[in-house]
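Below is one structure; the comments refer to it alone.
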Amino acid sequence: MKVLLFGKAGQLGWELHRSLQPLGEVIALNHPEIDMADAANIRRTMRQYRPNIVINATAYTAVDQAEGKVDLAHAINAIGPGLLAEESRDLKALFVHYSTDYVFDGTKGASYIETDTPNPLNVYGKSKLAGEQAIQAVGGASLILRTAWVYSTRRDSFVNKVLQWARQNESLKIVSDQVSNPTWARMLAEITTLMIAKPGPDFGAYFHERRGVYHLAGSGYASRFAWAQEILKNDPQKNEQIVRSLEPACTEDFPTPAQRPLFSALDCARFEQTFGLRLPEWKETLALAMK
Ligand SMILES: NC(=O)c1ccc[n+]([C@@H]2O[C@H](COP(=O)([O-])OP(=O)(O)OC[C@H]3O[C@@H](n4cnc5c(N)ncnc54)[C@H](OP(=O)(O)O)[C@@H]3O)[C@@H](O)[C@H]2O)c1
């Protein structure tokens, strides 16, 4: 089995590069050797390696910067993934791609299921939704895994930012009106790998039957404020914190270029039932991630 992973240096890609190893030969690429905004580069790479499984962990993820980089975000998040899907279909390869809770507008008032109507509020969300649509228009065995609030303890994530702020400020204000599923990149990578390994050698037919969109994120949901409380609680070097008070704030207190959905939590029951895998509760996972 030959696996081609795009985006090995990202939060998720770094973990996938490790978790995928038992599946077979893993070829892992990153920017600039692969440029998701360059169609010729994408096609050449796919035809050179001829993989059985293609996993796209690349994305233009700078949500606020995307507001001023509409074409670039669209190229990386929509056109590139569409080309990967097309090349994968032609090679009869499984294509695994990730999307986001930001395809929703956050007004439902309950966790989103896969059949809810998307209505992205910002350029990033629009580009990711266009990517989903481009992949689905191609056909083939593709899985679009929508995830949310991905963090790693290695990179510049919300977890590391909160730890840093707690060492620099006596008082912190964190928004309590944005709610979603904190998702550890390692958990996401390991569950993706278990899902791919599930059917064994005849994986083509198995995934073709199950192709489509799934929600895959940490179980349960939290506000950013509640998430920050747990981060401070699990800090392995609490003695370095100088923060004395953590207070809830409103999104409108912190204006940003991109509008964000307020309640974009994902209901992941469809994924759990289809693939027989349990998604651990976000608090359990955070505690493990921070040990
Ligand atoms: N982070 C979140 O909170 C979140 C939430 C929901 C969904 N998701 C989705 O989950 C997936 C993984 O996200 P992540 O957090 O792991 O993202 P990430 O850490 O930002 O990693 C993205 C990767 O894409 C690469 N990349 C950017 N532009 C590229 C280009 N033109 N060509 C090739 N590679 C390029 C980056 O390389 P450089 O580092 O060199 O730029 C980086 O390795 C993405 O599909 C994302 O949309 C993320």
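Just follow the structure's listing: the first ligand is 1, and inside any ligand the first atom is 1.
Side chains of Thr256 and Arg260: a donor-acceptor N/O pair is present below 3.5 angstrom, by distance only. No side-chain donor-acceptor contact under 3.5 Å links Asn122 and Glu67. Using modelled atom types, one finds no donor on one side chain facing an acceptor on the other under 3.5 Å when comparing Glu190 with Ser19. Defined by atom type and a distance below 3.5 Å, a donor-acceptor pair is present between the side-chain atoms of Asn77 and Ser127. Ser99 and Glu132 share a donor-acceptor pair across their side chains, judged by distance under 3.5 Å alone.
The part of Ala148 lying near ligand 1 is the backbone, judged by heavy-atom distances below 4.0 Å. The backbone of Ile34, and not its side chain, has at least one atom closer than 4.0 Å to an atom of ligand 1 (non-hydrogen atoms only; backbone = N, CA, C, O). When heavy-atom distances to ligand 1 are checked against a 4.0 Å cut-off, Pro32 has no atom that comes that close, whether in backbone or side chain. With a 4.0 Å cut-off on non-hydrogen atoms, Lys128 touches ligand 1 through its side chain and not its backbone.
The nearest heavy-atom contact from the protein to atom 21 (O) of ligand 1 is Gly10 CA, 3.3 Å. For atom 41 (O) of ligand 1, the nearest non-hydrogen atom of the protein is His31 ND1, 4.3 Å. When only non-hydrogen protein atoms are considered, atom 15 (O) of ligand 1 lies nearest to Gln11 NE2, 2.9 Å. For atom 11 (C) of ligand 1, the closest heavy atom belonging to the protein is Tyr98 CB, 3.8 Å.
Put simply, part of Ser99 is less than 4.0 Å from ligand 1, judged by heavy atoms. The shell of residues lying under 4.0 angstrom from ligand 1, judged by heavy atoms, includes Tyr124.
Polar contact with ligand 1: absent for Tyr60 (N/O pair, distance under 3.5 Å). Between Thr147 and ligand 1, a contact under 3.5 Å exists for no N or O pair. The distance criterion of under 3.5 Å between nitrogen or oxygen atoms is not met by Thr100 with respect to ligand 1. At a 3.5 angstrom cut-off on N or O pairs, Val150 counts as close to ligand 1. Checked against a 3.5 angstrom limit, the closest N/O atoms of Ala59 and ligand 1 fall inside it. The N/O atoms of Ile76, backbone and side chain alike, include none that comes under 3.5 Å of an N/O atom in ligand 1. Here's the thing with Asp101: none of its N/O atoms is less than 3.5 angstrom from an N/O atom of ligand 1.
A salt bridge is absent between Glu114 and Arg270: the closest approach of a Lys/Arg side-chain nitrogen to an acidic carboxylate oxygen does not fall below 4.0 angstrom. Under a 4.0 Å N-O distance rule, the pair Asp90/Arg50 does not qualify as a salt bridge.
Under the 30°/60° scheme for interplanar angles, the aromatic rings of Trp227 and Trp149 are found to lie parallel. In this pair, Tyr124 and Tyr102 present their aromatic rings perpendicular. The plane angle is above 60°, beyond the 30 to 60° band.
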Open item on the list: Could you go through Trp282 and Trp184, starting from their C-alpha distance and side-chain angles, then the distance that decides it, and tell me whether this counts as ring-ring contact (aromatic ring centres under 6.0 Å, His included)?
Closed with: CA-CA 8 Å; Trp282 73 268; Trp184 187 21; over 10 Å; no
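Each of the following atoms of ligand 1 lies closer than 4.0 Å to a heavy atom of Asp35: 30 (C), 31 (N), 32 (N). Taking a cut-off of under 4.0 Å to the non-hydrogen atoms of Asn30, the atoms of ligand 1 that pass are 37 (O), 40 (O), 43 (O). Listed by atom number, the atoms of ligand 1 under 4.0 Å from Leu12 heavy atoms are 12 (C), 16 (O).
Protein heavy atoms are absent from the space less than 4.0 angstrom from atom 36 (C) of ligand 1.
Cluster partners of Leu91, using a side-chain heavy-atom cutoff of under 4.5 Å among ILVMFWY residues and allowing indirect links, are Leu4, Phe6, Ile27, Leu29, Ile34, Met36, Ile42, Met46, Tyr49, Val54, Tyr60, Leu72, Ile76, Ile79, Leu83, Leu84, Phe95, Ile135, Ile144, Val213.
The side-chain heavy atoms of Arg47 and Arg43, taken from C-beta on, include a pair separated by under 4.5 Å. Contact check for Arg146 versus Tyr98: no side-chain heavy atoms found under the 4.5 Å cut-off.
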